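A short write-up of the structure that comes next.
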Amino acid sequence: MTDIKLYNTMARKKQDFIPIDDKNVRMYVCGPTVYDRAHLGNARPVVVFDVLYRLLRHVYGPDHVTYVRNFTDVDDKINATALQRKEAGAEGSLEELVHERSNETIDWYLNDMRALGALDPDQMPRATEFIKPMVAMIEDLIAKGHAYPDGAGHVLFSVKSYEDYGQLSGRSVDDMIAGARVEVADNKRDPMDFVLWKPSTDDLPGWDSPWGRGRPGWHIECSAMADEILMKDLPEAEKRFDIHGGGNDLQFPHHENEIAQSKCAHPKGGFANYWLHNEMLQVEGKKMSKSLGNFFTVRDLLEQGVPGEVIRFVFLGTHYRKPMDWTLEKSIEAELNLFGFVQVMEGFGEPSVDLEIAKKQNPDEELLVAPLKDDLNTHAALDGLKRLRDRNDATALARGLVFLGIYSWEQIEERVIALKDAKREAAVVAKHLDQVRKTAMETRDFSELDRLKKELDYANFSVQMSAEFVFIVPQLDFDLAALEVMVP
């Protein structure tokens with residue numbers, strides 16, 4: 001049906017994407033642990049898989065794609081924040097305060113990601129909503145000999161019981177042992193065994209289980225949620241879905257452990273057919289860290305006046321499988337490009353009418369869709385937008401900007417109308433400035449003329465004067481409100 005090609009981490013090569021059922025394309029992406037604001041690096045997988053989601057919806061139809069991204073709301077850092085609030089006198093039980101903190105950070109996360117143009121996934125399950133399926137999966141793994149309780153409230157997965165462990169990351173179990181990121185628990189049969197369930201103290205959130213009151217380990221959460229949402233009603237031999245994604249920092253141990261759990265739970269199934277991983281983000285060529293003073297959240301940038309579409313444009317400029325470097329220079333270049341796009345679309349006669357026409361058209365297949373079908377080549381798609389700009393094709397450009405998630409239709413209309421209003425008001429101010437100039441030439445007093453030119457410069461309007469005409473042209477980040485008060 002299509003010629004989408006995706007790089008499958010498991011196969012270590014680019015492959016044709018062939019969905020299990022083209023009427024029911026399914027994708028699961030590991031979401032955030034919601035203990036604080038999302039930093040800029042957290043946003044990269046959101047944008048990457050949002051682009052893939054948009055492509056799949058375009059190719060197979062919006063009603064034939066299911067995108068699931070979870071929230072991990074069981075975490076020590078969430079508990080710590082709730083405990084601090086309780087000690088500071090906050091009302092409610094610790095469990096209620098944990099839930100309150102999770103709700104708060106989930107709202108922050110969704111609002112920040114929406115500001116980057118990301119669509120909400122079709123389903124956004126919380127780990128705490130799927131404790132029963134997690135317990136059931138753990139019981140099944142014990143029954144099949146792949147997991148064991150230690151008698152002290154822990155249940156551990158036996159890594160050596162799954163002979164294909166390490167296929168995703170391409171490392172042997174022995175290679176992984178040194179420095180492996182595994183959770184510490186007593187009575188491990190093997191150093192690589194990892195926790196499926198652990199006990200909770202009375203003052204922390206916990207759930208009843210056959211092994212005592214406790215809570216799930218991190219890895220079992222995604223296995224159980226993907227199983228319950230995407231594979232629940234399928235026969236055992238068909239327990240699989242199409243795409244599993246996330247940052248490459250999750251490749252080991254999280255995704256490796258997910259595969260082991262899920263394939264041992266459903267040995268006749270296959271879990272995910274395609275594994276996609278995005279590379280990490282840097283800031284000005286360095287790893288983002290608080291110690292270097294280059295750590296910031298998405299909200300930090302938004303509050304500093306960096307628009308969400310600028311952040312997204314910069315992200316799209318680098319292929320998802322390459323390290324991405326956030327720089328001030330790139331953000332400025334993105335703003336200039338976006339303003340150039342709006343200048344072309346300002347050519348719409350009546351924006352609301354012309355945009356309705358654009359909505360009914362498909363994105364340009366050659367310049368925009370084809371690059372995305374080639375393993376999400378977003379850099380080439382941005383070049384396609386620039387070619388549409390150079391052609392002065394406002395309709396195709398608008399459709400492309402929406403297809404790539406850079407603007408919504410409403411945002412395009414707002415920006416086009418604002419630019420039209422600015423040009424209209426600039427023409428009025430230009431006439432006034434021309435009169436001020438003529439008066440200054442007669443009186444040799446140029447103070448008022450200089451004052452107005454300076455105000456226009458501050459408001460990001462350029463002034464061009466010839467012997468006969470005065471032109472005032474809106475520039476990037478023009479301030480229409482400042483312009484409107486310049487004429488008495």
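What's counted below: heavy atoms across the whole structure, side chains too, no hydrogens, waters or symmetry copies. Here the structure is a predicted model, which is why all the values come from computation and not from measurement.
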Quiz item: Between the side chains of Gln251 and Ser169, does any donor sit under 3.5 Å from an acceptor?
Solution: no
Practice problem: Answer yes or no: are there more than 12 heavy-atom neighbours, outside His379 itself, under 6.0 Å from its atom NE2? | Solution: no
Quiz item: Tyr67 and Asp120: side-chain donor and acceptor closer than 3.5 Å?
Solution: no
Quiz item: Can you find a pair of side-chain heavy atoms, one from Ile406 and one from Phe313, that are under 4.5 Å apart?
Solution: yes
Quiz item: For His319, does the NE2 atom sit with more than 12 other heavy atoms under 6.0 Å from it, leaving out its own atoms?
Solution: yes
Exercise. Spell out, as yes or no, whether a donor-acceptor pair under 3.5 Å connects the side chain of Arg321 to the backbone of Glu279.
Key: no
Quiz item: Is a donor on one side and an acceptor on the other found under 3.5 Å between the side chain of Arg415 and the backbone of Glu413?
Solution: no
Exercise. Can you measure from CE (Met10) to CG (Leu168) and round to the nearest 0.5 angstrom?
Key: 4.5 Å
Self-check item: Heavy atoms from other residues, nucleotides or ligands near NZ of Lys386 exceed 12 (cutoff 6.0 Å)
Solution: yes
Quiz prompt | Residue pair Asn111, Arg299: steps toward the side-chain hydrogen bond (donor to acceptor under 3.5 Å, both in side chains) verdict | solution = CA-CA 9 Å; Asn111 288 332; Arg299 180 53 47 179; over 6 Å; no
Practice problem: Could you tell me whether Trp218 and His254 have their ring centroids closer than 6.0 angstrom? | Solution: yes
Self-check item: Lys77 backbone acceptor or donor facing Thr81 side chain under 3.5 Å
Solution: yes
Self-check item: Exam field: side chain Ser262 to backbone Ile259, donor-acceptor pair closer than 3.5 Å
Solution: no
Practice problem: Taking atom types as modelled, find out whether His244 and Glu258 have a side-chain donor-acceptor pair closer than 3.5 angstrom. | Solution: yes
Quiz item: Judged by modelled atom types alone, do Gln475 and Asn460 share a side-chain donor-acceptor pair under 3.5 Å?
Solution: no
Quiz prompt | Contact summary for Ala11 and Gln15, nearest pair of heavy atoms | solution = CB-NE2, 3.2 Å
Self-check item: Criterion salt bridge (charged side-chain N to carboxylate O under 4.0 Å, His left out) on Arg54 and Asp50, from CA distance to verdict
Solution: CA-CA 6 Å; Arg54 289 170 181 271; Asp50 180 68; 2.8 Å; yes
Quiz item: Checking salt bridge (charged side-chain N to carboxylate O under 4.0 Å, His left out) for the pair Glu104/Arg101: CA distance, chi angles, key distance, verdict?
Solution: CA-CA 5 Å; Glu104 179 181 59; Arg101 176 60 172 174; 2.7 Å; yes
Practice problem: Mind running side-chain hydrogen bond (donor to acceptor under 3.5 Å, both in side chains) on His277 and Thr9 for me, showing each step along the way? | Solution: CA-CA 7 Å; His277 294 92; Thr9 307; 2.8 Å; yes
Quiz item: Is a side-chain N or O of Lys239 found less than 3.5 angstrom from the main chain of Lys232, in a donor-acceptor match?
Solution: yes
Quiz item: For Tyr28, is the NZ or CZ atom of Arg26 found under 6.0 angstrom from the centre of its six-membered ring and inside 45 degrees of the ring axis?
Solution: no
Quiz item: Hey, are the side chains of Val155 and Leu141 touching, using non-hydrogen atoms and a 4.5 Å cut-off?
Solution: no
Quiz item: Checking His64 side chain against Tyr60 main chain: does a donor-acceptor pair fall under 3.5 Å?
Solution: yes
Quiz prompt | Check: Ile20 main-chain N/O paired with Asp242 side-chain donor or acceptor under 3.5 Å | solution = yes
Exercise. Scan side-chain atoms only and decide if Asn42 and Arg37 contain a donor-acceptor pair under the 3.5 Å cut-off.
Key: no
Exercise. Go through the steps for Lys330 and Glu333 under the test salt bridge (charged side-chain N to carboxylate O under 4.0 Å, His left out), then give the verdict.
Key: CA-CA 5 Å; Lys330 285 182 180 178; Glu333 182 183 354; over 6 Å; no
Quiz item: Considering all heavy atoms of both residues, which atom of Gly400 and which atom of Leu385 are nearest to each other, and what is their separation?
Solution: C-CD2, 3.8 Å
Exercise. Evaluate the criterion salt bridge (charged side-chain N to carboxylate O under 4.0 Å, His left out) for residue pair Lys188 and Asp193; output intermediate values, then yes/no.
Key: CA-CA 6 Å; Lys188 283 188 179 183; Asp193 291 351; over 6 Å; no
Self-check item: Heavy atoms from other residues, nucleotides or ligands near NZ of Lys359 exceed 12 (cutoff 6.0 Å)
Solution: yes
Quiz item: Just by modelled atom types, is the Ser223 backbone N or O under 3.5 Å from a matching donor or acceptor in the Asp227 side chain?
Solution: no
Quiz item: Do the ring centers of Tyr109 and Phe71 come within less than 6.0 Å of each other?
Solution: yes
Practice problem: Step by step, work out the side-chain hydrogen bond (donor to acceptor under 3.5 Å, both in side chains) result for Gln123 and Thr66. | Solution: CA-CA 8 Å; Gln123 295 197 46; Thr66 300; over 6 Å; no
Practice problem: Tell me whether the centres of the aromatic rings in Phe271 and Phe241 are closer together than 6.0 Å. | Solution: yes
Exercise. Would you check if there is a donor-acceptor pair between the side chains of Gln282 and Asp325 at a distance under 3.5 Å?
Key: no
Quiz item: So, Arg240 versus Asn273: side-chain donor-acceptor pair below 3.5 Å or not?
Solution: yes
Practice problem: Can you measure from CD1 (Ile131) to CH2 (Trp197) and round to the nearest 0.5 angstrom? | Solution: 5.5 Å
Quiz item: With distance as the sole criterion, is a donor-acceptor pair present between the side chains of Asn257 and Tyr165 under 3.5 Å?
Solution: yes
Quiz prompt | Ring centres under 6.0 angstrom apart (His219, His255) | solution = no
Quiz prompt | Passing candidate, salt bridge (charged side-chain N to carboxylate O under 4.0 Å, His left out) with Arg215, options Asp208, Asp73, Asp76 | solution = Asp76
Quiz item: Hey, which of Asp375, Asn377, Asp16 is the one that makes side-chain hydrogen bond (donor to acceptor under 3.5 Å, both in side chains) with Lys5?
Solution: Asp16
Practice problem: Give the minimum heavy-atom separation between Val369 and Pro363, together with the two atoms involved. | Solution: CG2-CG, 3.8 Å
Quiz item: Do you know which two heavy atoms are closest between Phe478 and Ala422, and how far apart they sit?
Solution: CE1-CB, 3.6 Å
Exercise. Decide, yes or no, whether a salt bridge links Glu309 with Arg312 under the criterion of side-chain N to carboxylate O below 4.0 Å.
Key: no
Quiz item: Any chance OH of Tyr7 has more than 12 other-residue heavy atoms, nucleotides or ligands included, within less than 6.0 Å?
Solution: yes
Quiz item: Looking at the rings of Phe295 and His39, which for Trp means the six-membered one, are their centres under 6.0 Å apart?
Solution: yes
Practice problem: Work out which heavy atom in Val25 is nearest to a heavy atom in Pro19; give both atom names and the distance. | Solution: CG2-CB, 4.0 Å
Exercise. Verify, without hydrogens or angle tests, whether Asn337 (side chain) and Ala334 (backbone) share a donor-acceptor contact under 3.5 angstrom.
Key: no
Quiz item: So does Glu303 have more than 12 non-hydrogen atoms from other groups sitting under 6.0 Å from CD?
Solution: yes
Self-check item: Contact check, side chains of Leu401 and Phe341, non-hydrogen atoms, under 4.5 Å
Solution: yes
Quiz item: Taking NZ, NE, NH1 and NH2 as the nitrogens, is one of them in Asp364 or Arg399 under 4.0 Å from a carboxylate oxygen of the other?
Solution: no
Quiz item: Quick one: side chain to side chain donor-acceptor pair (under 3.5 Å) partners of Arg69, sequence neighbours excluded?
Solution: none
Exercise. Quick one: do Leu476 and Ile332 satisfy side-chain contact (heavy atoms from CB on, under 4.5 Å)? Show the steps, please.
Key: CA-CA 10 Å; Leu476 177 66; Ile332 293 172; 5.8 Å; no
Practice problem: Would you name the heavy atoms of Ile18 and Tyr274 that are closest together and state the gap between them? | Solution: N-OH, 3.0 Å
Exercise. Give a yes or no answer on whether the side chain of Asn70 reaches the backbone of Gly31 with a donor-acceptor pair at less than 3.5 Å.
Key: yes
